[in-house]
**Q** 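I'd like to ask some things about the structure below.
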Amino acid sequence: MIRPDFSRRSLLAGGAGLLLAGCDRVIQIPAARKILFAGEDMQRGLHRALQNRGALAPEFTPAQMSPVFRSNGTRDPNTPAYKAMVANRFADWRLAVGGLVDRPLSLSLADLRALPNRSQITRHDCVEGWSAIGQWTGPMLGNVLKAAGVRESARYVVFTCADLYGGAPYYESIDMIDAFHPQTILAWAMNGRPLDIPHGAPVRLRVERQLGYKHAKYLMRIDAVASLDGIGKGKGGFWEDTVDYDWYAGI
Ligand SMILES: Nc1nc2c(c(=O)[nH]1)N[C@H]1C(S)=C(S)[C@@H](COP(=O)(O)O)O[C@H]1N2
Ligand SMILES: [Mo]
């Protein structure tokens with residue numbers, strides 16, 4: 001990831017040779033003062049924005065977990081292909097990782113389980129007005145993207161699912177800040193058990209700073225892309241395309 005450098009020094013170095021005048025003197029020049037303090041405001045504003053995007057979602061204790069965690073949207077993809085995977089306990093399921101990567105991957109459940117895993121107890125907030133607290137376990141998406149050698153040109157990650165809506169797969173997308181957020185995981189377990197069908201078996205996305213519809217279930221493909229144009233209807237997700245839900249659903 002590129003870390004922007006908004007330090008005063010870099011602003012000066014990039015400026016009109018002001019560095020040569022020395023700091024004390026520069027500060028006396030009204031025009032320079034203006035540039036410096038505009039820079040300071042920009043620095044504060046941007047840092048706040050970046051910090052907020054990286055902040056962790058609240059995590060809870062086991063005692064706070066919801067006794068019932070409802071399922072929403074697709075509760076069973078129920079296609080012939082999905083039924084065949086269920087019959088085989090997902091032994092044939094593979095997660096394709098492709099798009100703008102140097103090393104496309106095809107990962108089995110065993111591959112995902114073998115990576116360092118993270119468990120987190122978080123609150124799921126559905127835009128329809130219900131919430132539930134559950135525990136999720138899986139590898140960080142960022143580590144999988146790193147293993148695939150995601151390219152600098154990638155700006156979004158697109159998730160394609162096994163369930164169909166009107167013949168087309170459910171899909172979602174997030175940006176690189178969310179993709180590399182430490183709580184963004186590919187969850188294969190929920191509440192300490194392998195993920196069940198209603199909640200997205202065998203693997204679903206957890207992207208804890210976003211509303212429920214961003215948490216794609218029944219994952220089949222992950223693609224790094226430079227643009228969302230030409231994917232679905234171009235708005236970055238099934239609900240975004242269909243009923244104008246916001247693409248950025250940050251909470
Ligand atoms: N593949 C897929 N993912 C999906 C959906 C869906 O219909 N299909 N529904 C979304 C919505 S609106 C919500 S609130 C959550 C529900 O997750 P849950 O069934 O585990 O409660 O999944 C999201 N991910
Ligand atoms: Mo939802």
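Side chains included, hydrogens not; waters and symmetry mates left out as well; all remaining heavy atoms used. Along the sequence shown, residues are numbered consecutively beginning with 1. In each ligand, atom 1 is the first atom listed, and ligand 1 is the first ligand listed.
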**Q** For R70, take its heavy atoms, then give the atoms of ligand 1 lying under 4.0 Å from any of them.
**A** 18 (P), 21 (O)
**Q** Do me a favour and list the nearest non-hydrogen protein atom to atom 24 (N) of ligand 1 with residue, atom name and distance?
**A** H215 O, 3.0 Å
**Q** Can you list the ligand 1 atoms lying under 4.0 Å from a non-hydrogen atom of P198?
**A** 19 (O)
**Q** Below 4.5 Å, heavy atoms only, C-beta onward: do L141 and R206 meet side chain to side chain?
**A** no
**Q** Strictly below 4.0 Å, N to O, side chains only: are D178 and K214 in salt-bridge contact?
**A** no
**Q** Evaluate the criterion ring-ring contact (aromatic ring centres under 6.0 Å, His included) for residue pair Y218 and Y170; output intermediate values, then yes/no.
**A** CA-CA 9 Å; Y218 316 110; Y170 188 95; 8.9 Å; no
**Q** As a check for students: among Y213, Y170, W239, identify the option with a heavy atom nearest to atom 5 (C) of ligand 1.
**A** Y170
**Q** In terms of atom number and element, which parts of ligand 1 are under 4.0 angstrom from non-hydrogen atoms of D163?
**A** 1 (N), 2 (C), 6 (C), 7 (O), 8 (N)
**Q** If we only count N/O pairs under 3.5 Å, is Y165 in contact with ligand 1?
**A** yes
**Q** So W136 and F69, would you call those rings parallel, tilted or perpendicular, with 30° and 60° as cut-offs?
**A** perpendicular
**Q** Can a side-chain donor-acceptor contact be found between Y171 and D241 if the only test is distance below 3.5 angstrom?
**A** yes
**Q** Does a donor on one side chain and an acceptor on the other come within less than 3.5 Å for N117 and T137?
**A** no
**Q** For ligand 1, which atoms have a heavy atom of G73 less than 4.0 angstrom away?
**A** 7 (O)
**Q** From atom 18 (P) of ligand 1, work out which of K214, R206, E172, H199 has a heavy atom at the shortest distance.
**A** H199
**Q** Report the part of H124 in contact with ligand 1, treating N, CA, C, O as backbone and CB onward as side chain, heavy atoms under 4.0 Å; options are side chain, backbone, both, neither.
**A** side chain
**Q** With a 4.0 Å heavy-atom cut-off (strictly under), which part of R204 contacts ligand 1: side chain, backbone, both or neither?
**A** side chain
**Q** Out of all atoms in ligand 1, which are within 4.0 Å of some heavy atom of C161? Include the element for each.
**A** 1 (N)
**Q** Whether the Q120 and Q135 side chains hold a donor-acceptor pair (N or O, under 3.5 Å, no angle test) is what I'd like checked.
**A** no
**Q** Which residue owns the protein heavy atom closest to atom 19 (O) of ligand 1, what's the atom, and how far is it?
**A** K217 NZ, 2.6 Å
**Q** Identify, by atom number and element, the atoms of ligand 1 in contact range of Y218, meaning under 4.0 Å from any of its heavy atoms.
**A** 1 (N)
**Q** Check ligand 1 against C126 and write out every atom of the ligand that is under 4.0 Å from a heavy-atom position of the residue.
**A** 14 (S)
**Q** Among all protein heavy atoms in this structure, tell me which lies nearest to atom 13 (C) of ligand 1, with the distance rounded to 0.1 Å.
**A** G212 O, 3.6 Å
**Q** If we check ring pair (Phe, Tyr, Trp, His ring centres under 6.0 Å) with Y213, which of these qualifies: F159, W239, Y245?
**A** Y245
**Q** Could you check whether D102 pairs with R151 (Lys NZ or Arg NE/NH1/NH2 to Asp/Glu carboxylate O, under 4.0 Å)?
**A** yes
**Q** How about W93 and Y82: are their ring centres within less than 6.0 Å of each other?
**A** no
**Q** According to salt bridge (charged side-chain N to carboxylate O under 4.0 Å, His left out), does anything in residues 111-120 pair up with another residue at least two apart or in another chain? List the pairs.
**A** E59-R118
**Q** Tell me the contacting part of F159 for ligand 1: side chain, backbone, both, or neither, using a 4.0 Å heavy-atom threshold, strictly below.
**A** neither
**Q** For S71, take its heavy atoms, then give the atoms of ligand 1 lying under 4.0 Å from any of them.
**A** 18 (P), 19 (O), 21 (O)
